[in-house]
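First comes the structure, then the notes that go with it.
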Amino acid sequence: MNTNNLVQEIKEKVRLLIAESYKDFKPGLEKDLKTFLETSAEKLERWTVLYANEGINEEELEWLLKSQIDLISLQALQTAGISKIKLNAFKNNILKLIFEFIISLVVKRS
């Protein structure tokens, strides 16, 4: 399985999410999420390969992704005074987007 474009494709999907939900904070959010994806790229690729090769199941993949939630620093939203509840909801939406993308990617290539 080729995971070279995985992070780039995830970045595009996250950009769309930002444009839909948080367009007023787009530049800062894109910077924050770029940092997160660069930091997590190796793990995301490794977990995608493991999932594709049935080394882990959906529940384990979801757990691994959720373990990364604290690495998502949404400084742009924190500076703007967005509530902690909304920040956590946005983080969960990002992880859900990544999870669903990996699942669909593996299903398409099967």
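Position 1 is the first residue of the sequence; numbering continues from there. Not measured: the values here are computed from a predicted model. All values below were derived from every heavy atom in this structure, side-chain atoms included, with hydrogens, water molecules and symmetry-related copies excluded.
- The CH2 atom of Trp63 sits 10.5 Å away from atom CD1 of Ile56, with the distance rounded to the nearest 0.5 Å.
- How far CD of Glu100 is from NZ of Lys96: 5.0 Å, rounded to the nearest 0.5 Å.
- Distance CG/Asp32 to CD1/Ile94: 9.0 Å, rounded to 0.5 Å.
- When side chains are defined from C-beta on, Ile102 does not count as touching Trp47, because their heavy atoms never get closer than 4.5 Å.
- Between atom CD1 of residue Ile98 and atom CG of residue Asn93 there is a gap of 11.0 Å, rounded to the nearest 0.5 Å.
- Atoms OG and CZ, from Ser104 and Phe99 in turn, are 10.5 Å apart once rounded to the nearest 0.5 Å.
- Cluster annotation: Phe90 is not connected to Ile85 through the hydrophobic network of ILVMFWY side chains, with a link wherever side-chain heavy atoms come within less than 4.5 Å.
- Residues Leu16 and Leu105 do not share a hydrophobic cluster, clusters being chains of Ile/Leu/Val/Met/Phe/Trp/Tyr side chains in contact below 4.5 Å.
- Lys13 places no side-chain N or O within donor-acceptor distance of the main-chain N or O of Leu97, the cut-off being under 3.5 Å.
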Next on the checklist: Between Lys23 and Ile18, does the side-chain contact (heavy atoms from CB on, under 4.5 Å) criterion hold? Intermediate values first, please.
Outcome noted: CA-CA 6 Å; Lys23 59 186 168 199; Ile18 292 169; over 6 Å; no

Tabulate below the donor-acceptor pairs under 3.5 Å that side-chain atoms of residues 33-44 make, not counting sequence neighbours, or state none.
{"unit_1": "Thr35", "atom_1": "OG1", "unit_2": "Lys31", "atom_2": "O", "d": "3.1"}
{"unit_1": "Thr39", "atom_1": "OG1", "unit_2": "Thr35", "atom_2": "O", "d": "2.8"}
{"unit_1": "Ser40", "atom_1": "OG", "unit_2": "Phe36", "atom_2": "O", "d": "3.1"}
{"unit_1": "Ser40", "atom_1": "OG", "unit_2": "Gln68", "atom_2": "OE1", "d": "3.4"}

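- Residue pairs satisfying the salt bridge (Lys or Arg N to Asp or Glu O under 4.0 Å) criterion with at least one member in residues 51-62, sequence neighbours excluded, are listed as follows: Glu62-Lys66.
- A distance of 7.5 Å separates CZ of Arg46 from CG of Leu50, quoted to the nearest 0.5 Å.
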Next on the checklist: Evaluate Asn57 against Tyr51 for side-chain contact (heavy atoms from CB on, under 4.5 Å), listing each step before the verdict.
Outcome noted: CA-CA 6 Å; Asn57 60 32; Tyr51 178 69; 5.6 Å; no

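- By the 4.5 Å heavy-atom criterion applied to side chains, Glu45 and Thr48 are not counted as neighbours.
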Checklist entry - Yes or no on side-chain contact (heavy atoms from CB on, under 4.5 Å) for Leu61 and Leu65, after CA distance, side-chain angles and deciding distance? => result CA-CA 6 Å; Leu61 175 62; Leu65 287 170; 4.2 Å; yes

